[in-house]
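Notes follow the structure.
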Amino acid sequence: MMSGETRLASGRAFICTSGANGSTWSKGLKRSKSPLIIDDTWVKAADSGMTSGFGVITNPTNKPIRVIGARSPRFAGVVQLHDVAMQDGTMQMKEMDGGFVIPARGSLELKPGSEHLMLMQMKQPVTAGEMVPMVLITSDGGQLRFRAMGKVFAGANEKYDDMGAGMNHGGMN
Ligand SMILES: [Cu+2]
């Protein structure tokens, strides 16, 4: 397992988090349907390895909602929540420890060069026009199911500095 990996089992959502003592599974959140809304979803077309997913997440409620995990079991072994930051003169991607917070009555745009969903350990290619089923999981166990369309996009080629090192991911088994 690796940080950001999620499992849905027996009515609960489990999320792997990494800490000083390696990776552990959360105790499991009771599942419910999330009030979040997502629009303009798309995934960068890619053959293998990793790719990124985008969209605009809106929170229609009066309280902030935290997205802490994501899945796309048909296309990716792991989906992480990433942000991009300038480091040593290059744009590098980092896993968001606290997830994405969607403000009350506000929205968060996942876009190239900013926060995004990272589909890792791809199981099959994402081609242009392909519909990729995904689910977001929130800190109260809410789930938002949606589809994102494959789209050819030349940007969003930020480096991922943790790949291969495994330092923050508790090993990739
Ligand atoms: Cu990324």
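All values derive from a computational prediction rather than experimental measurement. First listed ligand is number 1; within each ligand, the first listed atom is number 1.
A distance-only check finds a donor-acceptor pair linking the side chain of T138 to the backbone of G142 [under 3.5 Å].
Applying the salt bridge (charged side-chain N to carboxylate O under 4.0 Å, His left out) test to R12 and every residue at least two apart in sequence or in another chain returns nothing.
Using a cut-off of 2.8 Å, one finds that M118 contributes an N/O/S atom close to the Cu ion (ligand 1). Under 2.8 Å from the Cu ion (ligand 1) lies an N/O/S atom of M93, whether from backbone or side chain.
Minimum-distance N/O/S atom of H116 relative to the Cu ion (ligand 1): NE2. With respect to the Cu ion (ligand 1), H82 has ND1 as its nearest N, O or S atom.
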message: Pair F100, L117 - check side-chain contact (heavy atoms from CB on, under 4.5 Å), show working.
response: CA-CA 10 Å; F100 301 142; L117 302 169; 4.0 Å; yes

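Taking the six-membered ring where tryptophan is involved, the planes of H82 and H116 are perpendicular, since the angle between them exceeds 60° and thus also 30°.
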